[in-house]
Amino acid sequence: MWRLNLIKEIADQANWIISSDVGIVIADKYPKAQHHYLVLPKSEISSIFELTREHLPLLEELHLLASNIVEVRGLQWADFKVGFHAEPSMERLHLHVISQDFVSPALKHKKHWNCFNTQLFVPYAVLHDKLKAENSFQRLPPHVRHSLLATPLLCNQCDFKPKYFPELKEHLAEHLQKKST
Ligand code: AMP
Ligand code: ZN
């Protein structure tokens with residue numbers, strides 16, 4: 001079952017980039033940006049929907065691993081988005097640590113973009129606050145999810161509104177090029 005592939009991945013310690021007593025960092029196999037890592041707990045937590053206030057210390061440890069991987073790679077924390085998908089597709093809870101360039105061949109659809117650049121992406125701090133206040137994180141109603149997936153494209157670095165996805169891809173590549181020159 002492809003839903004369980006992350007669990008298979010962490011079963012092999014060769015895939016661990018860094019780890020702690022409670023968590024593991026692996027590379028995302030289909031990176032949606034220049035740098036894309038996943039932080040997973042060692043304990044068997046399937047998804048964000050299982051989390052309660054009791055998991056806050058664990059979440060804080062996972063967040064620490066997120067900052068560690070950025071530091072170990074010599075990258076800038078401010079260049080990253082760190083959070084969870086509101087509607088994850090794969091098991092074992094995983095925290096995305098992704099650079100905000102979004103320049104990658106694996107970023108193929110508007111859906112990919114909107115999963116990281118609308119409320120379908122739940123920043124770490126938002127989840128943390130929600131658990132603290134409400135003791136759980138609820139699934140989005142399907143109609144909300146569908147409308148977020150259909151959100152018109154908007155660049156994350158300027159106010160450009162590309163009409164078509166390939167235009168966004170080209171535009172993001174230009175942002176990255178400007179940054180590196
Ligand atoms: P989500 O939508 O939050 O469940 O994201 C699952 C993430 O896992 C995606 O970013 C995929 O690119 C990534 N992924 C899928 N299969 C693997 C794998 N075998 N190893 C590492 N990452 C994977
Ligand atoms: Zn732009």
Side-chain angles (χ1 to χ4, degrees), residues 1-107 111-140 145 148 156:
M1 247 299 254
W2 63 269
R3 284 187 70 90
L4 303 176
N5 282 353
L6 293 180
I7 296 171
K8 274 194 210 151
E9 219 59 52
I10 58 170
D12 182 354
Q13 289 204 19
N15 294 324
W16 300 11
I17 308 174
I18 54 172
S19 66
S20 72
D21 286 353
V22 297
I24 300 160
V25 181
I26 63 170
D28 194 292
K29 197 171 175 180
Y30 309 100
K32 306 299 186 295
Q34 297 280 292
H35 308 281
H36 190 178
Y37 302 99
L38 302 174
V39 187
L40 300 89
K42 287 181 175 173
S43 53
E44 292 178 8
I45 302 171
S46 297
S47 77
I48 44 174
F49 308 119
E50 282 181 20
L51 297 174
T52 67
R53 233 170 249 141
E54 280 176 29
H55 297 101
L56 289 173
L58 169 67
L59 277 187
E60 286 158 17
E61 294 271 354
L62 300 182
H63 190 249
L64 192 61
L65 278 171
S67 64
N68 289 345
I69 188 64
V70 171
E71 196 180 331
V72 162
R73 289 292 195 244
L75 300 166
Q76 296 300 315
W77 183 244
D79 290 339
F80 281 79
K81 277 186 109 148
V82 178
F84 300 86
H85 280 151
E87 192 65 40
S89 55
M90 299 187 72
E91 282 190 31
R92 186 61 61 90
L93 176 73
H94 52 278
L95 177 62
H96 288 269
V97 183
I98 185 163
S99 57
Q100 310 212 48
D101 52 85
F102 291 101
V103 173
S104 167
L107 190 91
K111 210 172 86 171
H112 287 151
W113 175 257
N114 280 341
C115 275
F116 283 101
N117 291 287
T118 65
Q119 282 170 46
L120 290 167
F121 189 81
V122 184
Y124 165 80
V126 170
L127 181 72
H128 190 280
D129 289 355
K130 190 124 187 144
L131 289 178
K132 210 168 170 180
E134 297 174 16
N135 203 29
S136 70
F137 183 83
Q138 302 296 320
R139 208 177 275 277
L140 291 172
R145 183 158 49 91
L148 287 170
N156 62 339

### Considering all heavy atoms, the nearest Asn117-Lys81 contact
OD1-NZ, 3.3 Å
### Query
With sequence neighbours excluded, what pairs up with Leu75 under the side-chain contact (heavy atoms from CB on, under 4.5 Å) test?
His35, Val70, Arg73, Phe80
### Query
Got a second to check how far Trp2's CH2 is from Met90's CE, nearest 0.5 Å?
6.5 Å
### Message
Testing the basics here: between Ile98 and Ala33, what is the closest heavy-atom pair and its distance to 0.1 Å?
### Response
CG1-CB, 3.6 Å
Exercise answer: donor-acceptor pairs, residues 120-140 side-chain atoms, under 3.5 Å, sequence neighbours excluded:
unit_1 : atom_1 : unit_2 : atom_2 : d
His128 : NE2    : Glu60  : OE2    : 2.7
Asn135 : OD1    : Arg53  : N      : 2.8
Ser136 : OG     : Gln138 : NE2    : 2.8
Arg139 : NH1    : Glu87  : OE2    : 2.5

Which pairs of donor and acceptor atoms, one on a side chain in residues 42-49, lie under 3.5 Å apart (sequence neighbours left out)?
unit_1 : atom_1 : unit_2 : atom_2 : d
Lys42  : NZ     : Ser20  : O      : 2.7
Ser46  : OG     : Glu50  : OE2    : 3.2
Ser47  : OG     : Phe49  : N      : 3.1

### Message
Within this structure, what is the CZ-CG distance for the pair Phe84 and Leu95, rounded to the nearest 0.5 Å?
### Response
4.5 Å
### Message
Let me confirm one number: the CG-OH distance from Asp28 to Tyr37, rounded to the nearest 0.5 Å.
### Response
11.0 Å
## Note on the structure
Heavy atoms of Ile10 and Trp16 approach each other most closely as O-NE1, 2.8 Å
#### Entry: Qualifying residue, where the test is side-chain contact (heavy atoms from CB on, under 4.5 Å) with Leu38 and the options are His96, Arg92, Glu9
His96
## Note on the structure
Smallest heavy-atom separation, Val82 atom then Ala66 atom, equals CG1-CB, 4.1 Å
## Note on the structure
CZ (Arg145) and OG1 (Thr118) are apart, to the nearest 0.5 Å, by 11.5 Å
### Task
Apply the test side chain to side chain contact (heavy atoms under 4.5 Å, CB included) to residues Leu51 and Leu58: give CA-CA distance (whole Å), side-chain angles for both, the deciding distance (0.1 Å), then the verdict.
CA-CA 10 Å; Leu51 297 174; Leu58 169 67; 5.5 Å; no
### Message
If I take atom CG from residue Asn15 and atom CD1 from residue Ile24, how far apart are they, to the nearest 0.5 angstrom?
### Response
10.0 Å
#### Entry: Spacing of Trp113 atom CH2 and Lys32 atom NZ [to the nearest 0.5 Å]
13.5 Å
### Test item: Val22 and Leu65 side chains (from C-beta on) under 4.5 Å apart, heavy atoms
no
## Note on the structure
For Gln100 and Asn156 the tightest heavy-atom approach is O-ND2, 2.9 Å
### Task
Report yes if some heavy atom in the side chain of His36 is under 4.5 Å from a heavy atom in the side chain of Phe116; otherwise report no.
yes
### Message
Side chains of Val72 and Val25, heavy atoms from C-beta outward: is any pair under 4.5 Å?
### Response
no
### Non-hydrogen atoms of Ile18 and Ile69 that approach each other most closely
CD1-N, 3.7 Å
